[in-house]
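Hydrogens, waters and symmetry mates play no part in the numbers below; they use all other heavy atoms, side chains included. Treat the numbers as computed from the prediction; the structure is a model and nothing was measured.
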Protein chains: 2
Amino acid sequence: MTATETTPAQQPQAPATSATAPLFAGRALRASGKVLPEHARSHNRSLVLQTLYTQGAQSRADVARETRLTRVTVSDLVAELIAEGLVVELGQREDARPGKPATLIDVDRAGFHVVALDLSEHTRFRGAVLDLDGGIVARAEVALDGATGERAVELIVELLDGLLALTTARVLGIGVGSPGVVEPNGVVRSAPNLGWTDLPLQERLTAAFHLPVHVANDANVAVLAEHATAPGDLILVKVGHGVGAGLIVGGRPVLGAGSAAGEIGHVVVGTDGGPRCACGKHGCLESWLAVPRLTAELERLGTTDAAASAREETLREAGRRLGIVLAPVVGALNLSEVVLSGPTELLDGPLLEAAVETLRNRTMAEHHRDLRLRMTAHGQDIVLRGAAVMVLSGQLGVS
Amino acid sequence: MTATETTPAQQPQAPATSATAPLFAGRALRASGKVLPEHARSHNRSLVLQTLYTQGAQSRADVARETRLTRVTVSDLVAELIAEGLVVELGQREDARPGKPATLIDVDRAGFHVVALDLSEHTRFRGAVLDLDGGIVARAEVALDGATGERAVELIVELLDGLLALTTARVLGIGVGSPGVVEPNGVVRSAPNLGWTDLPLQERLTAAFHLPVHVANDANVAVLAEHATAPGDLILVKVGHGVGAGLIVGGRPVLGAGSAAGEIGHVVVGTDGGPRCACGKHGCLESWLAVPRLTAELERLGTTDAAASAREETLREAGRRLGIVLAPVVGALNLSEVVLSGPTELLDGPLLEAAVETLRNRTMAEHHRDLRLRMTAHGQDIVLRGAAVMVLSGQLGVS
DNA sequence: TTTGTTCGTAAGGTTTACTAACAAACGTGA
DNA sequence: TCACGTTTGTTAGTAAACCTTACGAACAAA
């Protein structure tokens, strides 16, 4: 031990300290409550459902192999699920194999509908009936006409009445993507555009329709749709009248200490000022990137060929600003995927290209080789799809 | 339904789409493997240990009330823990209460030591023996003298030999905070300063000492210490020769897609250039904030009274740059706590003040009313403490 | 001394998922 | 054609886990 200097007791400048009380008194070791065998069963029940849902029709033995549960246990769980009507038998497997022919089972995909609402647009509330695979069965919408407060809630109830009338199967639940800050219990703490403050929307709708209701912020809902089709940590940036984001970190949605995660619209970009924002600050992300600002700017420049490069530069600049704000987030969380949602004609082109370039130039390339920045594949329906995922996850998945 | 427009089938521009394959085929519903009753028991076992650890000596009945398990179950679990030597009986409770006097039990705090290493300094490896409460029992260190690669590993082994000789109780495990990118399995993928690439440090040390070994990035380890004393989501920024960060989101450490979460040292700050960084870019956070750069700048300005305001401005500017980088992260994650670790004489003063101010000016105040930015209370020992937490959590906690 | 309280343990029951064994149903090959 | 192997799904029994119920021990207060 030539190079080692041990200082067991005597060391003047850095004495050995002894804590009197437990130093790590916080939640270093996370206590998440007791677990009973019945909780284990409900977990395994969900596991079977998930396997069927994601992998499609298959035999009990297939599920057993996939989940590593035994055939006996799977049979038992499936019997329970069939009794509840969540799973159905589809008859015998067609293909010719040795051994007893398998009885195919699957989630009763035709037996359930989900109702989803997107409250994030400024002029209307959109809604849809979806099947369990995320396919949109029917749509409905209602014009806002400036309605706020209680009148807006009434419109939601009317819209849901109409949608529920369009369902042709049992309704698994109602999912709502709302603007503003929404607490985990479905209370809209603050949605300025709708004039809502501490509105218990989930409770209200549950009381009105006697169905499971899930309410969350629109961007936080949208990221669920994206995560459902592309697993892995990601941030979804939703560009509309405002700019919001939803994050999945460690496989879980991020809510934040004040349920305000993803509220990046009013983060200031760069150190060179910028347009004045409605919030009073200069150079907020929204003041660069929000749709009204971009369309107004493009309109100002005109549609002539001569102004084409100026229009493109406007979009590139917005993209650069987005990249500047995202760089610290992508770096700190080591995200592998950034997804944009909003008007394709504005976002998908120079704006997206500039954002990628900026993001790469401002982070350490070595750590983000496989970083992808792309448009969502869900288009305008991303919030509706995400709301459906939220209901599916809440009603069928591991809570 | 006056204002509601339902469009069940006919809607030209936005037809009802029907997904052919399960749309949500990803991991929307997270499948985390089957759960057996024995897993439930090990969970409850940890729950009892956690309760004892955080709340101190108490009776079995106290633990039962706290955990909501029955006295019978707690007795059973405690018997198992006593047999394993993790828990000890301390005799009867002193105070006078009606009923049968309680037998106090507690984690065997005097019976275990943890060995921790901090490899993040440039000139030396530091190590310590800690008791279960995080108190430092003994210290040791070894000078690096420019050692890299295999020689650096040898120094670690020598240091651990010395530390293990100083332990006077059973050793629960070894925790190591290493610079660079460390994968979850304890492989150091890249640590340029030490010349390490894909070094299986955890495996090497386990083989050498036959003890549980946990290895993680130094900043990611440090944030564990902070989280242990202050629950809630937080980011810890560690300022030293470089700048790194560790994050706790949703109560869990963030690792990132490439295990490189927290690597914010080379994120570019602002839109006005900045000092040239070793990585080639201009205006990286490190080029503003790293200790060598700050001390060099302060030295250049001199120690005269006349230069006092210039020195302060240097620190304020560094603080502002930190605030600029943190604003999008704090906004996106809605963090309530930012903690700084590093030389107090540099960080705790104008730098920290400027960072708070900048952070507040660049985010939406409404969402961050209770945002706190402060120095760590762990001082220089934060990585050692965090490494101990990592071992405690891994060996005693819910995995 | 009596009464009520609290602690820890013992006994028995329920739930859970496991292993072992088996019948049914099918292809394969002699 | 028929024995054989394979696969499926079920039945029966076992081990583990936590529960409820009950009880003796030990104490304070009346």
Side-chain angles (χ1 to χ4, degrees), chain A residues 32-49 51-52 55 57-83 87-106 398, chain B residues 31-49 51-52 55 57-84 87-106 398:
Chain A
S32 32
K34 67 174 173 180
V35 170
L36 303 182
E38 65 212 65
H39 297 138
R41 183 171 179 87
S42 102
H43 179 102
N44 289 337
R45 206 187 87 114
S46 293
L47 187 60
V48 169
L49 264 181
T51 304
L52 285 175
Q55 318 233 347
Q58 56 197 300
S59 71
R60 293 168 173 84
D62 291 332
V63 174
R65 276 185 290 268
E66 178 71 23
T67 60
R68 297 185 160 269
L69 291 161
T70 62
R71 292 201 306 274
V72 180
T73 303
V74 170
S75 277
D76 193 36
L77 289 167
V78 166
E80 189 179 300
L81 291 168
I82 288 178
V87 168
V88 287
E89 288 196 334
L90 302 176
Q92 289 195 352
R93 177 178 270 150
E94 292 293 325
D95 60 350
R97 296 195 295 186
K100 174 181 173 179
T103 310
L104 293 178
I105 53 172
D106 195 2
V398 182
Chain B
S32 34
K34 67 174 174 181
V35 170
L36 304 181
E38 65 212 66
H39 297 139
R41 183 169 179 88
S42 103
H43 179 102
N44 289 336
R45 207 187 87 114
S46 292
L47 187 59
V48 169
L49 264 180
T51 305
L52 285 175
Q55 318 233 347
Q58 57 198 298
S59 72
R60 292 169 173 84
D62 291 332
V63 174
R65 277 185 290 266
E66 178 71 22
T67 61
R68 297 186 156 269
L69 292 162
T70 62
R71 292 201 306 274
V72 180
T73 303
V74 169
S75 278
D76 191 37
L77 289 167
V78 166
E80 189 179 299
L81 292 168
I82 289 178
E84 293 176 31
V87 167
V88 287
E89 289 196 335
L90 301 176
Q92 288 194 353
R93 178 178 270 151
E94 291 294 324
D95 60 349
R97 296 197 292 188
K100 176 180 172 179
T103 311
L104 292 178
I105 54 172
D106 196 3
V398 182

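Rounded to whole Å, the distance from CD on A:E94 to C1' on C:dC26 is 14 Å. As a whole-Å value, the separation of B:H39 NE2 from C:dC18 P is 10 Å. The distance between atom CZ of A:R65 and atom P of D:dT7, rounded to the nearest whole Å, is 8 Å. Per the geometry, CD belonging to B:Q92 stands 10 Å off C1' belonging to D:dC27, to the nearest Å. A:D76 places its CG atom 18 Å from the P atom of D:dT14, with the value rounded to the nearest Å. The CG atom of B:L77 sits 9 Å away from the P atom of D:dC19 (whole-angstrom rounding). Distance CD (B:Q58) to C1' (C:dT6): 16 Å, rounded to an integer number of Å. Distance CD (A:E80) to P (D:dT10): 14 Å, rounded to an integer number of Å.
Contact annotation: B:S75 side-chain N/O to C:dG8 OP1/OP2 distance is not under 4.0 Å. Between A:N44 and C:dA17, a side-chain N or O to OP1/OP2 separation shorter than 4.0 Å is present. Between A:K34 and D:dC19, a side-chain N or O to OP1/OP2 separation shorter than 4.0 Å is present. Between B:R41 and D:dC18 there is a side-chain N or O to OP1 or OP2 distance below 4.0 Å. Contact check, A:T103 against D:dT8: no side-chain N or O comes under 4.0 Å of OP1 or OP2. Distances shorter than 4.0 Å separate none of the side-chain N or O atoms of A:S59 from OP1 or OP2 on D:dT7.
Residue A:K100 is the one, among A:K100 and A:P37, whose nearest nucleotide of DNA chain D lies closer to the 5' end (criterion: closest heavy atom). Taking the nucleotide of DNA chain D with the nearest heavy atom to each of A:V72 and A:P101, the more 5' of the two is matched to A:P101.
Among the nucleotides D:dC18, D:dT10, C:dG8, the one closest to the side chain of A:R71 is D:dT10.
Applying the 3.5 Å distance criterion, the base of D:dG9 shares no donor-acceptor pair with the side chain of A:R60.
For the pair B:T51 and B:Q58, the minimum side-chain heavy-atom distance is below 4.5 Å. A heavy-atom distance below 4.5 Å is found between the side chains of A:R41 and A:L77. Contact check for A:T67 versus A:V74: side-chain heavy atoms found under the 4.5 Å cut-off.
Contact annotation for B:T70: base contact, defined as any heavy-atom pair under 4.0 Å involving a base atom.
Panel note: side chain A:K34, backbone B:R68; a donor-acceptor pair is recorded below 3.5 Å.
A:D62 and A:S59 share a side-chain donor-acceptor pair at under 3.5 Å.
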